[in-house]
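Contents: one structure, followed by commentary.
Residue numbers start from 1 in every chain, and the chains themselves are labelled A, B, ... in the order their sequence lines are given, proteins ahead of strands.
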Amino acid sequence: MDKEGTPTDFIRQIVAADVAAGKNGGRVQTRFPPEPNGYLHIGHAKAICVDFGIAEEFGGTCYLRFDDTNPTKEDEEYVEAIKRDVRWLGFDWGDRLTHASDYFPQMYELAVHLIRAGKAYVDHLSTEEIREYRGTLTEPGRESPYRNRSVEENLELFERMRRGEFEEGECVLRAKIDMASPNINLRDPPLYRIRKVPHQRTGTTWCIYPLYDFAHTLSDALEGTTHSLCTLEFEDHRPLYEWFLDNLPVPHRPRQIEFSRLNLMYTQMSKRRLRQLVEEKHVEGWDDPRMPTLSGFRRRGYTPESIRDFIRRIGVTKKEHMIELGLLESCIRDDLNVRAERRFAVLDPLKITIVNFPDDEVEWLEAANHPSRSELGTRTVPFSREILIERSDFMEDPPKQFHRLKPGGEVRLRYAYIIKCEEVVKDAAGNVVELKCSYDPTTRSGSGDEGRKVKGTIHWVSARHAARAEVRLYDRLFKVPFPTGESLEDELNPSSLEIVEAAVEPALADAPPESHFQFERNGYFFVDPVLSRPGKPVFNRTVTLRDSWAKLEKEALSGAAQG
RNA sequence: UGGGGCGUAGCCAAGCGGUAAGGCAACGGGUUUUGAUCCCGUCAUACGCAGGUUCGAAUCCUGCCGCCCCAGCCA
């Protein structure tokens with residue numbers, strides 16, 4: 001990271017060196033190549049920021065290329081979702097939207113080129129036989145009996161594959177490299193397989209489809225990619241990537257560079273696992289606010305800026321890491337702290353009657369929308385004889401550090417008066433159901449003579465004026481730090497969602513969808529764009545506020561228990 | 001046990017032969033009508049381990065150790 005906060009990771013260093021050396025005429029071109037078989041998650045956000053970010057920084061371009069080489073797994077449904085998510089993150093591919101399938105005709109020609117050069121052959125071994133012939137990690141493989149077919153025969157066979165004369169699995173086109181290579185990717189890797197399935201874009205034009213290594217390398221080379229950035233698991237494939245570039249007449253020579261993928265604690269990033277969560281209804285959909293998908297984060301109230309900041313802060317290296325959730329939370333708090341207006345909402349209400357306040361009177365008090373951004377203005381909140389406070393802001397027998405309400409104690413009602421707890425009302429079961437308090441009229445906020453200071457200030461709403469609103473308190477989806485996804489029952493957090501009916505200040509009743517608020521002393525909340533109705537907002541908790549009391553309380557209580 | 005990678009603080013991460021940046025977390029203090037924010041300070045005699053080269057090593061060399069990835073007609 002340099003002084004401006006611009007990352008200077010190893011990939012940027014390589015790209016800068018390539019540019020300085022005049023490679024590719026100084027041109028920088030990258031690509032983000034998602035397979036349209038699922039929704040994008042925060043791991044993809046890292047790839048997107050790296051691919052688009054680096055191109056942008058070097059005055060280059062980045063393509064959004066759908067890697068649609070497997071018609072049995074992919075679906076057009078995901079394409080629009082992916083485009084929306086990339087755009088939402090703040091990146092623009094302009095007219096550089098492509099598909100691997102755009103290059104199918106050229107790829108076919110290049111495969112033929114390989115056959116003509118004696119570097120590819122049609123293999124009639126079965127899937128199982130190919131596996132057996134491949135050898136193991138420690139033993140070399142054996143050559144297929146079909147490996148030495150003539151160029152003419154291979155040409156004809158491949159053409160017949162293309163025409164649909166063979167069934168799926170009957171044969172495959174393989175590169176002829178080295179069955180004894182210590183790198184298994186070089187043991188005559190399959191290039192084309194038969195799939196008699198219509199393709200989302202090319203329909204029934206093809207019944208043979210290129211495999212990843214061939215398709216990806218050629219897409220890069222044909223498209224003009226200069227730097228092909230991918231994750232660590234493809235490091236072993238680089239020799240094959242380069243073998244294609246060395247053996248085929250392609251117009252460009254891209255360079256593949258690998259970096260580590262994002263791992264987040266308490267999160268599962270495998271597409272298969274995410275799909276399972278959706279299909280087995282553990283969550284409400286791909287965009288459930290508990291999902292690590294970009295659409296989930298968006299609905300939770302995360303901003304694209306906060307996610308980009310997060311990606312910037314974690315850096316790009318080849319080291320496998322496991323990022324703490326706290327860092328992500330810190331990023332969204334930083335962002336929302338400056339942009340979110342403040343409001344009062346009582347999540348778990350306890351009634352207070354102000355015994356010396358007239359029953360028929362209402363005072364409208366001015367409250368700042370933001371503590372440090374006065375340009376955001378103010379609003380008024382009604383104060384009356386009956387108010388609601390957070391149940392947790394009263395303790396009958398508190399530890400000494402507790403400076404909110406207790407019997408006989410005083411607390412300031414934010415933007416209003418200091419009140420004193422005169423009486424605790426309980427039901428037959430001994431539960432506190434109401435507090436009777438007195439207020440000190442000389443302590444009104446903003447009066448210029450606010451009287452005494454008290455240690456605690458709490459938020460509140462007028463009982464009569466409060467609106468009721470559904471508030472969804474989201475927490476981490478998994479309760480274990482390193483979920484495997486293998487045993488969802490054991491790993492899922494049973495309280496990842498708690499729905500409460502909160503009492504909110506009147507100004508919140510018509511909060512528009514997708515607006516962010518800080519409910520003072522509670523957290524940041526986002527008006528759900530799916531569940532909200534006009535006049536009936538549903539609030540999603542994006543993240544809690546930092547809470548140093550929670551720690552203190554833990555210590556105080558354990559201390560009390562010991563003492 | 002073949003091949004490819006990676007080891008700097010609790011979690012990330014700079015460093016590129018000249019004496020360990022920064023962020024998150026934690027801890028201490030200040031401001032505060034949000035126990036928030038903000039501000040100040042503390043936090044690696046130490047870079048997986050052991051040798052070696054050098055006036056000088058996290059950086060170079062050697063040997064160990066640990067972790068990850070690879071045996072789909074998935075990507």
Side-chain angles (χ1 to χ4, degrees), chain A residues 1-2 5 7-9 13 33-35 37 67 69-70 72-74 123 125-127 130-132 134-141 168-174 181-187 189-195 209 211-213 215-216 230-239 258 260 265 271 312-331 333-334 337-338 342 344 368 370-372 401-404 412-416 418 443 445-446 450 453-459 518-523 544-553:
Chain A
M1 207 81 61
D2 65 18
T8 55
D9 52 77
Q13 289 178 22
E35 182 186 15
N37 69 344
D67 209 346
T69 57
N70 188 348
T72 63
K73 287 197 172 178
E74 295 142 10
D123 194 357
L125 246 28
S126 68
T127 307
I130 287 184
R131 189 190 314 125
E132 286 161 20
R134 187 151 33 222
T136 69
L137 295 180
T138 52
E139 307 157 34
E168 286 190 14
E170 203 176 332
C171 55
V172 69
L173 182 74
R174 289 230 252 171
S181 172
N183 180 341
I184 289 178
N185 295 118
L186 262 19
R187 318 239 265 231
L191 267 26
Y192 267 90
R193 81 298 218 176
I194 298 168
R195 284 288 174 276
Y209 294 94
L211 268 74
Y212 169 81
D213 291 292
H216 195 258
C230 63
T231 42
L232 252 27
E233 66 270 29
F234 295 105
E235 210 154 14
D236 288 342
H237 294 243
R238 187 165 10 107
E258 312 84 12
S260 57
M265 286 174 79
K271 270 194 203 173
R312 186 185 60 75
R313 290 202 219 179
I314 61 174
V316 182
T317 68
K318 298 189 70 142
K319 181 179 163 189
E320 305 215 29
H321 54 212
M322 184 57 76
I323 310 289
E324 294 175 339
L325 232 31
L327 183 61
L328 216 208
E329 292 180 344
S330 166
C331 292
R333 286 193 187 109
D334 272 7
N337 176 46
V338 333
R342 314 286 124 124
F344 285 168
H370 193 103
S372 56
Q401 301 98 317
F402 184 83
H403 41 254
R404 281 113 79 181
R412 160 141 241 135
L413 294 178
R414 181 150 223 236
Y415 296 124
I418 291 175
T443 57
S445 285
E450 287 135 25
K453 294 275 186 197
V454 288
K455 275 177 295 184
T457 299
I458 65 174
H459 62 100
Q518 183 198 95
F519 291 173
E520 293 207 19
R521 304 206 309 130
N522 267 319
T544 61
L545 255 30
R546 274 188 66 216
D547 186 3
S548 53
W549 165 250
K551 271 176 294 187
L552 247 184
E553 185 179 41

Discussion item. Looking at B/G15, I'd like to know if its phosphate oxygens (OP1 or OP2) sit under 4.0 Å from a side-chain N or O belonging to A/Q13.
Written reply: yes
Scan nucleotides 46-48 of chain B against the protein and return all N/O pairs shorter than 3.5 Å with their distances rounded to 0.1 Å.
none

Item to complete: Only counting residues at least two apart or in another chain, list the ones meeting salt bridge (charged side-chain N to carboxylate O under 4.0 Å, His left out) with A/E233.
Response: A/R261
Discussion item. Tell me if the side-chain of A/R404 makes a donor-acceptor pair with the base of B/G35, cut-off 3.5 Å, by modelled atom types.
Written reply: yes
Fill in: Check: B/G4 base within 3.5 Å donor-acceptor of A/N183 side chain
no
Practice prompt. Using the P atoms only, state how far B/G48 lies from B/C11, rounded to an integer number of Å.
Written response: 14 Å
Discussion item. Categorize A/M322 for me: base, sugar-phosphate, or nothing, with a 4.0 angstrom heavy-atom threshold over every strand shown.
Written reply: sugar-phosphate
Discussion item. Heavy atoms only, 4.0 Å cut-off, all strands: where does A/H321 land among base, sugar-phosphate and nothing?
Written reply: sugar-phosphate
Practice prompt. Please give the nucleotide sitting opposite B/A71 as a Watson-Crick or G-U wobble pair, both distances under 3.5 Å, or none.
Written response: none
Worksheet item: Does A/F234 have any ring pair (Phe, Tyr, Trp, His ring centres under 6.0 Å) partners at least two apart in sequence or in another chain, and if so, which?
Response: A/Y212, A/H237
Worksheet item: Hey, does A/D547 reach any base, or is it just sugar-phosphate, or nothing, if we go heavy atoms under 4.0 Å?
Response: sugar-phosphate
Worksheet item: How does each nucleotide of nucleotides 24-30 of chain B score, in 5' to 3' order, for protein heavy atoms under 4.0 Å: base (B), sugar-phosphate only (S), or none (-)?
Response: S-SS---
Fill in: Watson-Crick or G-U wobble partner of B/A58, both distances under 3.5 Å
none
Worksheet item: Taking only residues two or more places apart in sequence, or in another chain, which ones meet A/R238 in a side chain to side chain donor-acceptor pair (under 3.5 Å)?
Response: A/E258
Give me, pair by pair, the N or O atoms of the protein and of nucleotides 73-75 of chain B that are less than 3.5 Å apart, along with how far apart they are.
{"unit_1": "B/C73", "atom_1": "OP1", "unit_2": "A/R134", "atom_2": "NH2", "d": "3.3"}
{"unit_1": "B/C73", "atom_1": "OP2", "unit_2": "A/R134", "atom_2": "NH1", "d": "3.1"}
{"unit_1": "B/C73", "atom_1": "O2'", "unit_2": "A/R195", "atom_2": "NH2", "d": "3.1"}
{"unit_1": "B/C73", "atom_1": "N4", "unit_2": "A/L125", "atom_2": "O", "d": "3.1"}
{"unit_1": "B/C73", "atom_1": "N4", "unit_2": "A/T127", "atom_2": "N", "d": "3.4"}
{"unit_1": "B/C73", "atom_1": "N4", "unit_2": "A/G169", "atom_2": "O", "d": "3.1"}
{"unit_1": "B/C74", "atom_1": "OP1", "unit_2": "A/R195", "atom_2": "NH2", "d": "3.1"}
{"unit_1": "B/C74", "atom_1": "OP2", "unit_2": "A/R193", "atom_2": "NE", "d": "2.9"}
{"unit_1": "B/C74", "atom_1": "OP2", "unit_2": "A/R193", "atom_2": "NH2", "d": "2.8"}
{"unit_1": "B/C74", "atom_1": "O3'", "unit_2": "A/R193", "atom_2": "NH2", "d": "3.2"}
{"unit_1": "B/C74", "atom_1": "O2'", "unit_2": "A/N70", "atom_2": "ND2", "d": "3.3"}
{"unit_1": "B/C74", "atom_1": "O2'", "unit_2": "A/K73", "atom_2": "NZ", "d": "3.4"}
{"unit_1": "B/A75", "atom_1": "OP1", "unit_2": "A/T69", "atom_2": "OG1", "d": "2.7"}
{"unit_1": "B/A75", "atom_1": "OP1", "unit_2": "A/R193", "atom_2": "NH2", "d": "3.0"}
{"unit_1": "B/A75", "atom_1": "OP2", "unit_2": "A/Y212", "atom_2": "N", "d": "2.9"}
{"unit_1": "B/A75", "atom_1": "O3'", "unit_2": "A/D67", "atom_2": "OD2", "d": "2.7"}
{"unit_1": "B/A75", "atom_1": "N6", "unit_2": "A/H237", "atom_2": "NE2", "d": "3.4"}

Worksheet item: What integer number of Å spans the P atoms of B/G23 and B/C61?
Response: 33 Å
Worksheet item: Donor-acceptor pair under 3.5 Å: do we get one between A/R412's side chain and the base of B/U33?
Response: yes
Discussion item. Classify A/F402 by what it touches in the nucleic acid, base, sugar-phosphate, or nothing, heavy-atom distance under 4.0 Å.
Written reply: base
Practice prompt. Using a heavy-atom cut-off of under 4.0 Å over every strand shown, decide if A/Q518 touches base, sugar-phosphate, or nothing.
Written response: base
Worksheet item: Does A/T138 place a side-chain N or O at less than 4.0 Å from the phosphate oxygens OP1/OP2 of B/U1?
Response: no
Item to complete: Provide the distance between the two C1' atoms, one in B/G10 and one in B/G56, to the nearest whole Å.
Response: 32 Å
Worksheet item: Are A/K319 and B/A13 close enough that a side-chain N or O sits under 4.0 Å from OP1 or OP2?
Response: yes
